[in-house]
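As structure tokens, the structure follows; a few thoughts come after it.
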Amino acid sequence: MKITGTKSYIRIEIDGKTLKIEGEMIVGGFVAYKNSITNWDSPYETQIIDEDTKNEIVQKVIETTKDTHMVISFE
């Protein structure tokens with residue numbers, strides 16, 4: 001998993017697919033908006049992300065960043 005971003009979004013790459021998750025930078029981390037996870041980026045934009053996949057993505061991101069200087073949480 002690769003995570004990049006700015007102060008207003010993060011971009012996640014999983015299994016060769018990417019998606020943009022909106023949110024905001026806070027002291028010591030980033031708060032991501034779970035409801036902004038809807039579709040993969042091009043060329044997979046027609047693949048809607050279902051609730052189970054969304055929850056898997058959230059768990060992977062939390063697990064990946066939990067012991068880092070940039071903790072990502074979701075609301």
Side-chain angles (χ1 to χ4, degrees):
M1 172 182 289
K2 181 177 178 182
I3 303 172
T4 58
T6 69
K7 64 180 181 176
S8 62
Y9 71 86
I10 55 175
R11 189 164 303 281
I12 309 296
E13 181 180 332
I14 302 174
D15 301 326
K17 297 178 183 176
T18 60
L19 71 132
K20 180 179 173 182
I21 305 172
E22 296 177 12
E24 59 186 270
M25 183 87 60
I26 59 171
V27 174
F30 188 86
V31 176
Y33 305 138
K34 187 176 176 182
N35 65 353
S36 71
I37 302 172
T38 55
N39 296 71
W40 296 103
D41 292 343
S42 180
Y44 305 101
E45 68 273 6
T46 59
Q47 295 181 14
I48 295 173
I49 299 173
D50 63 21
E51 199 62 32
D52 290 336
T53 304
K54 186 183 296 190
N55 289 330
E56 287 176 30
I57 292 167
V58 167
Q59 288 307 312
K60 285 180 182 180
V61 169
I62 290 171
E63 184 65 29
T64 300
T65 64
K66 72 178 181 178
D67 295 322
T68 67
H69 70 281
M70 184 57 72
V71 175
I72 298 175
S73 59
F74 287 82
E75 66 173 42

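Any value given below was found using the heavy atoms of this structure, including those in side chains, with hydrogens, waters and symmetry copies removed. Given the structure is predicted, the values throughout are model-derived calculations rather than measurements.
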Under 4.5 Å between side-chain heavy atoms, chaining through other members, with only Ile, Leu, Val, Met, Phe, Trp and Tyr counted: pull out the rest of the cluster around V27, sorted by chain and number.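 None, because no other hydrophobic side chain comes under 4.5 Å of this residue.
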Any chance you could pull the hydrophobic cluster mates of I48, using side-chain heavy atoms under 4.5 angstrom and chaining through other members?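 None, because no other hydrophobic side chain comes under 4.5 Å of this residue.
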State yes or no: do [X] and [Y] share one hydrophobic cluster built from I, L, V, M, F, W and Y residues joined by side-chain heavy-atom distances below 4.5 Å, directly or via other members?
X: V31; Y: F74; result: no
X: Y9; Y: I3; result: no
X: M70; Y: I26; result: no

Counterpart residues, side-chain contact (heavy atoms from CB on, under 4.5 Å), relative to [X] (two or more places apart):
X: K54; answer: K34, I37, I49, E51
X: S36; answer: I21, E22, Y33
X: Q47; answer: K17, W40, Y44
X: K2; answer: T4, E13

To the nearest 0.5 angstrom, please state how far the CD1 atom of I72 sits from the CE atom of M25.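 Between atom CD1 of I72 and atom CE of M25 there are 9.0 Å.
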E45 side, atom CD; L19 side, atom CG - distance, nearest 0.5 Å: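 Atom-to-atom, E45:CD and L19:CG are 13.0 Å apart.
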Partner of I12 under side-chain contact (heavy atoms from CB on, under 4.5 Å), chosen from K60, M1, K20: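 When K60, M1, K20 are each tested with I12, the side-chain contact (heavy atoms from CB on, under 4.5 Å) holds only for M1.
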Apply side chain to side chain contact (heavy atoms under 4.5 Å, CB included) to D41 and R11, showing your working. CA-CA 10 Å; D41 292 343; R11 189 164 303 281; 2.3 Å; yes
Could you note down all residue pairs passing side-chain hydrogen bond (donor to acceptor under 3.5 Å, both in side chains) where residues 61-74 supplies at least one of them, sequence neighbours left out?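 Every pair satisfying side-chain hydrogen bond (donor to acceptor under 3.5 Å, both in side chains) with a residue in residues 61-74: E63-K66.
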With sequence neighbours left out, write down each residue that passes side-chain hydrogen bond (donor to acceptor under 3.5 Å, both in side chains) with D15, or none if nothing qualifies.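 By the side-chain hydrogen bond (donor to acceptor under 3.5 Å, both in side chains) rule, D15 matches no residue at all.
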